[in-house]
Amino acid sequence: MLKIFDTEIISNAEVSANIFKLEVAAPELSQIAKAGQFVQVKVSDEFTLRRPLGIASAKNGMVKIFYRVIGKGTEILSTKKTGEHLNILGALGNGFDTNISGRILLVGGGMGLAPLLSVAEKIEADVLMGGKNKSEVDFWIKEFRAEVDRIYITTDDGSFGSLGFVTSLLPEVLEYDNYAAIYTCGPEIMMRSVYKIAEENNLPCYVSLERRMACGLGACLSCSIDTASGRKKVCKDGPIFEARAVFS
Amino acid sequence: MLKIFDTEIISNAEVSANIFKLEVAAPELSQIAKAGQFVQVKVSDEFTLRRPLGIASAKNGMVKIFYRVIGKGTEILSTKKTGEHLNILGALGNGFDTNISGRILLVGGGMGLAPLLSVAEKIEADVLMGGKNKSEVDFWIKEFRAEVDRIYITTDDGSFGSLGFVTSLLPEVLEYDNYAAIYTCGPEIMMRSVYKIAEENNLPCYVSLERRMACGLGACLSCSIDTASGRKKVCKDGPIFEARAVFS
Amino acid sequence: MSERLKTEICGIKMNTPILAASGTFGFGEEFADFVDLEKLGGVMVKCITLKPRAGNKGVRITETPAGMLNCIGLENPGVEKFLIEILPRIKNKMNVIVNISGSSVEDYGELAKLLNVDGVAAIELNISCPNVKDGGIIFGTNPKAAAEVTSTAKKFTSKPVIVKLSPNVTDITEIARSVESAGADCISLINTLMGMEININTWKPTLGNITGGLSGGAVKPVAVRMVYQVAQAVKVPVIGMGGICTAADAIEFFLAGASAVAVGTANFANPAVTMEIANDLENYLASRNLNLREIIGQVKI
Amino acid sequence: MSERLKTEICGIKMNTPILAASGTFGFGEEFADFVDLEKLGGVMVKCITLKPRAGNKGVRITETPAGMLNCIGLENPGVEKFLIEILPRIKNKMNVIVNISGSSVEDYGELAKLLNVDGVAAIELNISCPNVKDGGIIFGTNPKAAAEVTSTAKKFTSKPVIVKLSPNVTDITEIARSVESAGADCISLINTLMGMEININTWKPTLGNITGGLSGGAVKPVAVRMVYQVAQAVKVPVIGMGGICTAADAIEFFLAGASAVAVGTANFANPAVTMEIANDLENYLASRNLNLREIIGQVKI
Ligand SMILES: Cc1cc2nc3c(=O)[nH]c(=O)nc-3n(C[C@H](O)[C@H](O)[C@H](O)COP(=O)(O)OP(=O)(O)OC[C@H]3O[C@@H](n4cnc5c(N)ncnc54)[C@H](O)[C@@H]3O)c2cc1C
Ligand SMILES: Cc1cc2nc3c(=O)[nH]c(=O)nc-3n(C[C@H](O)[C@H](O)[C@H](O)COP(=O)(O)OP(=O)(O)OC[C@H]3O[C@@H](n4cnc5c(N)ncnc54)[C@H](O)[C@@H]3O)c2cc1C
Ligand SMILES: Cc1cc2nc3c(=O)[nH]c(=O)nc-3n(C[C@H](O)[C@H](O)[C@H](O)COP(=O)(O)O)c2cc1C
Ligand SMILES: Cc1cc2nc3c(=O)[nH]c(=O)nc-3n(C[C@H](O)[C@H](O)[C@H](O)COP(=O)(O)O)c2cc1C
Ligand code: FES
Ligand code: FES
């Protein structure tokens, strides 16, 4: 059952340059949301379209979202204050499989860490995270610390963790444990490389895709993609897909 | 010299049903504004056009405006809070003649009282005011009390002052004093009647007109009217006109 | 369901005169959590073609001032799958109006024939899709071709035939009159205005198809004008659309001469918007003690 | 004044490629408190006709989603008063581009002749005003008539002739090619899209003239598309306009193929907007170490 929720903003603060953490009180949504699902946020009446944002955490009646200010919509969102209300449509999409047995390795780059956090909240997992620099991973570390056992870190500039990309460190990380699967989200080029390494290691790999979206309900076909099993809608059939179905 | 002012809202409160009093800190504007001039308010980025509103008072670094919520623009304006900023273009239009010698009778109906208040602030005047009911004149009485000697009141429903329209009371009021002129603002039908009575009494009569405006600068011709001396722009050549030039 | 809003267009009984516009509402089911589908006058389902189509590559939508551009490009499962898998699932839940498109006059005839089945309330000829070369726009901008498509479709179906017009023309009344003479039972308009956006960082068009169709509030004044012009020019009923977001918008279209309206882009911001429009329209009429037909075409000139 | 923004169109030297669109900027003087008029590429002054005109009666503007409708209707003091009273006052302050309109081909010829005087930088043929029956729109929607008006005007003037196209046509490139062959030195577009609004309380059209011209951000995607199409179709320079509010908007038009742009409706929200656009455009170019001509028509398809 999809719904439009009128939520109250509990906090909306910058956690790194142009990256905001938004917390809203949304008791029902926080109960029904599955890891890896997303919402469509109505930023203001000024806009024709909602903005799709991943659910990074859903517990205790609260929903957390992390977003980067990249355009007009996210900019206006960033000016919203505690106590204001936010109209949210959700929870959308299929979500990650959280009934899998065994430990999962989460591999995320940048804002791609948001949906992975909601997985860590639900099941046993470690995380391998990549970011541009220390400041772009610091707040993620704080968020993941309570939810995972191990955190592996890379930064593009080497200012924290290993210098380089997650894909440089991934093969090594895979040696430390017998992971049941890899869940990944981030730039598509990163996810493709992660998928390749997963294949080499015979590991199931699931990816969270992003496409421009209008309806978020599977109706408008803004977000259609080709998959091994035909045309799919990222908003409804995804955003989580088996990497093999979409990258090969 | 016209300017765009970035003003701070000092207060913005409902003074009667759907009527708001807005005060902004605007030192320079408050100095240059002439009685009867108006401003173009940028209500929000959502709108293509500014909204024209009369200057009701300009002193001590403050500019006061009274507005009725009638559409989307004034509605959003009414949600603005103390401390927020408001982008204002002004001061526009010609304004009333305040160098006239003798006492002026101000005749205003409803929101038409706003520009007349700014006249009362500058020169010797009495006011004859009309409104729908007591609540729609009460706040005007408070505003005018310090600025005029006598206040005559009519209400459409007789809930305060005399029952009826300003034009019913006007002939009587004109007998009480030797007014040098009548300045009037309000519904056009009211102003026409006021003009007729002024003519009968051989009194100069000036009216403040309203037309839909885009530029407010005399450039777009949204607000052109016919006058005895040819086409005029209400925003630039007006909004104050000799009644004879526009009503006969 | 209120009596006040009930209406009938070309024999299709509608509980309200509020429809969902093709391409914005999927096959209706997608909105079931937000909309009482029976309360809609009908769902104009996503455009159906003879063969399945994958649509355009690349970015398919972008937001513009008070509107959006799309270049979905008629992605659809094809008429066969529609008839076998989809129609049986939805036909008892709503008035199904099937929007169809072809690359030749014959295509329209064949589609009309295949869709002349139980559960289809009407067919809507999309001769106005600006997003594919063979999407009918060549028919929609030429009165003769538009008439030919219309009469061919009429020949192969007993269903009401609605012809959907493109606003990208010099004289909309010329096309409207032409399809009316050719037998159109109803005219719907407007489809999208052709537009374009360029990304000033990449210097590439935002949309994969270079241009796309403009819809949403931005186009409303153009749509109202065209509905007004067409309603003056023809006798068949008109279904108006283009930028309708509120009951007030819908009422403009009724006054301009539309017998029913369709809501497209506004469904994206608020998936329940059609229900709100129906309720607010009912209140507008009730407070004036009017029936729907008493406002249709009543603009005072 | 920055070298980077300097340009020349049809021999008119411009300090920046940012012009003010006809009808939105009066005779320039009205904006003198906000704009350095010499920094504009030119001011396309309010449309001038042979005889003075009072324009349309009733309400002349209304705001629409991200835009506005106007039906000013070519109010102007007439060419004589323009030449005697206005031109001498403004001619040394800016590039004066005179927008003209007539009800016959001869009118355009006569106006062109009368305006072939010192102080006029160019004339712009308004064959696209949707707000008066004799406002040229009949010429603007017919390639032959458009060509005739153009060649007639050319015959009577030594000034560059800019032809301003109407977007209310099926194929904008057809008209563009036609006026180019007839000798147009430059093409400007778009004029307004014809639209309408109905007041749902009074049931009357909001505008005194029933319909009006849509402008502002709402029309930008249509304008960019048409500028792109026309720039592909002709060799003469194109002046792009329609919904430009920011330098980013202007850059879209340059990439689409415009050699200069004009700003209209946006002047109402911010009378200093042309200066801000010029400055932001300069920064955009400077940060990429580019000159204006290096972005014109450079959209990557
Ligand atoms: C399923 C999903 C989950 C997402 N989760 C997150 C998240 O958790 N955190 C986060 O920071 N971002 C997330 N994004 C991306 C986010 O939706 C865009 O950054 C945002 O919509 C940009 O809006 P804007 O108005 O600021 O940008 P503008 O560029 O001004 O937006 C213009 C239009 O483009 C669309 N758009 C632009 N970029 C994207 C994009 N990358 N993906 C989808 N639509 C786009 C917008 O929806 C809008 O309609 C997600 C996207 C999807 C599809
Ligand atoms: C010189 C001048 C001074 C004014 N002073 C005052 C004042 O002091 N107090 C006050 O309450 N009102 C005043 N008005 C009227 C005020 O401008 C309108 O009520 C207001 O613009 C309505 O905006 P809206 O968005 O709420 O209404 P909407 O109806 O949503 O506005 C739609 C459009 O119509 C225009 N419009 C609608 N009604 C009017 C109108 N009556 N006059 C001009 N434009 C209109 C608006 O500018 C807008 O573009 C004045 C108008 C003018 C021309
Ligand atoms: C994403 C999208 C897809 C569309 N697909 C179709 C289509 O398949 N067939 C069709 O006739 N119209 C299609 N349209 C046009 C709409 O049905 C409608 O005519 C137009 O969008 C104007 O209405 P609106 O402003 O309410 O959206 C589509 C519009 C959008 C926004
Ligand atoms: C109030 C108004 C008056 C206009 N008058 C004229 C005119 O006299 N002649 C003309 O060629 N175009 C006229 N236009 C059209 C503009 O010059 C311009 O082509 C159009 O508005 C699109 O640009 P914009 O969206 O930046 O306003 C007018 C536009 C407006 C809004
Ligand atoms: S966003 Fe509409 S189908 Fe996916
Ligand atoms: S509002 Fe533009 S001329 Fe008066």
Side-chain angles (χ1 to χ4, degrees), chain B residues 1-6 28-29 32 39-52 70-77 86-94 188 209-237, chain D residues 20-35 43 45-47 52-77 81 206-208 212 214-219 243 245-246 264-273:
Chain B
M1 178 81 182
L2 300 175
K3 269 199 184 168
I4 298 169
F5 298 97
D6 174 31
E28 192 182 340
L29 176 60
I32 59 174
V39 293
Q40 281 266 55
V41 176
K42 183 159 184 188
V43 176
S44 99
D45 285 342
E46 216 181 305
F47 295 110
T48 299
L49 301 177
R50 290 170 179 261
R51 297 295 186 267
I70 64 155
K72 226 184 147 194
T74 44
E75 193 180 312
I76 293 189
L77 184 57
L86 204 59
N87 179 300
I88 286 182
L89 167 64
L92 303 168
N94 55 357
E188 209 156 300
L209 296 185
E210 239 186 74
R211 284 294 177 283
R212 295 223 191 186
M213 293 180 178
C215 71
L217 304 171
C220 72
L221 308 184
S222 300
C223 65
S224 282
I225 55 165
D226 268 322
T227 74
S229 45
R231 300 290 295 175
K232 297 284 173 191
K233 298 155 199 165
V234 172
C235 69
K236 192 161 185 187
D237 306 314
Chain D
S22 176
T24 66
F25 216 71
F27 295 110
E29 310 163 298
E30 294 87 345
F31 284 77
D33 283 345
F34 303 98
V35 167
V43 173
V45 299
K46 177 68 193 166
C47 190
R53 294 183 67 129
N56 288 316
K57 292 213 181 304
V59 170
R60 291 176 162 200
I61 55 159
T62 189
E63 188 164 328
T64 63
M68 65 180 284
L69 288 167
N70 90 78
C71 65
I72 309 296
L74 304 185
E75 168 163 359
N76 80 94
K81 192 158 173 192
T206 305
L207 297 178
L214 182 66
S215 63
V219 309
C245 301
T246 63
T265 303
N267 292 301
F268 303 152
N270 177 6
V273 72

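A note on names: the letters A, B, ... follow the listed sequences, proteins ahead of strands, and every chain is numbered from 1.
- The two residues B:Arg212 and D:Val59 have their closest heavy-atom pair at NE-CG1, 3.8 Å.
- Residues B:Ser222 and D:Arg60 share a closest heavy-atom pair of O-CD, 3.5 Å.
- Considering all non-hydrogen atoms of both residues, B:Lys42 and D:Ala269 come closest at CD-O, 4.3 Å.
- Looking only at heavy-atom pairs under 4.5 Å with chain D, the residue among B:Arg50, B:Lys72, B:Glu46, B:Gln40 that has the most is B:Arg50.
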Given D:Phe268 and B:Thr48, is the side-chain contact (heavy atoms from CB on, under 4.5 Å) satisfied, shown in steps? CA-CA 8 Å; D:Phe268 303 152; B:Thr48 299; 6.0 Å; no

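- Between atom CG of residue D:Asn70 and atom SG of residue B:Cys220 there is a gap of 8.5 Å, rounded to the nearest 0.5 Å.
- Heavy atoms of B:Ile225 lying under 4.5 Å from chain D are absent altogether.
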Please assess D:Asn267 against B:Leu217 for the test side-chain contact (heavy atoms from CB on, under 4.5 Å), listing each intermediate value before the final yes or no. CA-CA 10 Å; D:Asn267 292 301; B:Leu217 304 171; over 6 Å; no

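- In this structure, CG in B:Asn87 is found 7.5 Å from CG in D:Asn270, a value given to the nearest 0.5 Å.
- With a 4.5 Å cut-off on non-hydrogen atoms, B:Lys3 touches chain D through its backbone but not through its side chain.
- Proximity to chain B is absent for every atom of D:Ser22, based on heavy atoms less than 4.5 angstrom apart.
- Looking at every heavy atom in both residues, D:Glu30 comes nearest to B:Gly218 through OE2-O, 3.5 Å.
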Could you walk me through whether D:Glu63 and B:Arg51 pass side-chain contact (heavy atoms from CB on, under 4.5 Å), step by step? CA-CA 11 Å; D:Glu63 188 164 328; B:Arg51 297 295 186 267; 2.8 Å; yes

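- In this structure, SG on D:Cys245 lies 10.0 Å from CG on B:Asp45, to the nearest 0.5 angstrom.
- Interface residue D:Phe34: only side-chain heavy atoms are found under 4.5 Å from chain B.
- Chosen from D:Gly67, D:Ser215, D:Gly216, the residue pairing most often with chain B at heavy-atom distances under 4.5 Å is D:Gly67.
- Smallest separation of non-hydrogen atoms from B:Leu2 and D:Asp33: N-OD2, 2.7 Å.
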